[in-house]
Novice: 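I am attaching a structure below and will ask some questions about it afterwards.
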Amino acid sequence: QVQLVESGGGLVQAGGSLRLSCAASGRTFSSYAMGWFRQAPGKEREFVAAIKRSGGTIYAVDSVKGRFTISRDNAQNTVYLQMNSLSPEDTAVYYCAATPKVVLTTTPRGYEYWGQGTQVTVSS
């Protein structure tokens with residue numbers, strides 16, 4: 001069992017930056033690949049980025065690549081999402097998720113554990 005708690009969301013102006021954190025507790029954090037997803041009102045949950053246990057990363061094509069960076073600190077049991085050049089289209093609840101799978105997946109069903117989410121609102 002892994003418990004995940006996101007933080008760092010808030011209100012920011014377009015062009016600004018935020019860094020989200022996801023603190024994990026429970027089983028060994030380094031045994032899990034981690035992902036970030038987001039869900040805007042009326043839309044399906046959308047993949048943002050993921051990071052392997054070893055640190056390899058993948059990002060959603062087009063929408064966030066080059067602006068968002070996922071990283072992890074296994075000593076701190078935390079995964080981060082640095083978000084730069086934010087636009088109103090990035091407004092959503094952001095969730096972190098964990099999976100023991102070796103191969104990264106971009107689908108929500110590929111992750112077993114989820115945090116409660118943190119709201120990110122970007123004003124124009």
Novice: Looking at Phe29, I'd like to know if the NZ or CZ of Arg53 sits under 6.0 Å from its six-membered ring centre while staying within 45 degrees of the ring's axis.
Specialist: no
Novice: Could you grab the distance from atom CD of Glu6 to atom CG of Leu81, nearest 0.5 Å is fine?
Specialist: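 Between Glu6 CD and Leu81 CG, I get 11.0 Å after rounding to 0.5 Å.
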Novice: Under 3.5 Å, is there a donor-acceptor pair between the Thr28 and Ser30 side chains?
Specialist: no
Novice: Give a yes or no on whether Glu44 atom CD has more than 12 heavy-atom contacts from other residues, nucleotides or ligands under 6.0 Å away.
Specialist: no
Novice: Do the side-chain N and O atoms of Ser17 and Asn84 include a donor-acceptor pair separated by under 3.5 angstrom?
Specialist: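 Yes, because at least one side-chain N or O of Ser17 sits under 3.5 Å from a partner of the opposite role on Asn84.
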Novice: When you compare the side chain of Arg67 with that of Asp90, does any pair of heavy atoms fall below 4.5 Å?
Specialist: yes
Novice: In terms of heavy-atom contacts, does NZ of Lys65 have more than 12 from other residues, nucleotides or ligands at under 6.0 Å?
Specialist: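 No, because the 6.0 Å sphere around NZ of Lys65 holds 12 heavy atoms or fewer from other groups.
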Novice: Less than 4.5 Å apart, any side-chain heavy atom of Lys101 and any of Val103?
Specialist: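 No, every pair of side-chain atoms sits at 4.5 Å or beyond.
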Novice: Determine, stepwise, if the pair Met34 / Leu4 fulfils side-chain contact (heavy atoms from CB on, under 4.5 Å).
Specialist: CA-CA 10 Å; Met34 303 297 295; Leu4 304 173; 3.9 Å; yes
Novice: Members other than Val102 in its cluster, when Ile, Leu, Val, Met, Phe, Trp, Tyr link by side-chain heavy atoms under 4.5 Å?
Specialist: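 Once heavy-atom contacts under 4.5 Å are chained together, Val102 still belongs with nothing else.
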Novice: Looking only at the side chains, is there a donor atom on one of Ser25 and Gln3 sitting less than 3.5 Å from an acceptor on the other?
Specialist: yes
Novice: Does anything in residues 54-112 form a ring-ring contact (aromatic ring centres under 6.0 Å, His included)? List the pairs, not counting sequence neighbours.
Specialist: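 Pairs touching residues 54-112 that pass the test: Phe37-Tyr111.
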Novice: Which residues pass the salt bridge (charged side-chain N to carboxylate O under 4.0 Å, His left out) test with Arg19, not counting sequence neighbours?
Specialist: none
Novice: Go through the steps to decide whether Trp36 and Cys22 satisfy the test side-chain contact (heavy atoms from CB on, under 4.5 Å), and finish with yes or no.
Specialist: CA-CA 9 Å; Trp36 283 99; Cys22 174; 3.8 Å; yes
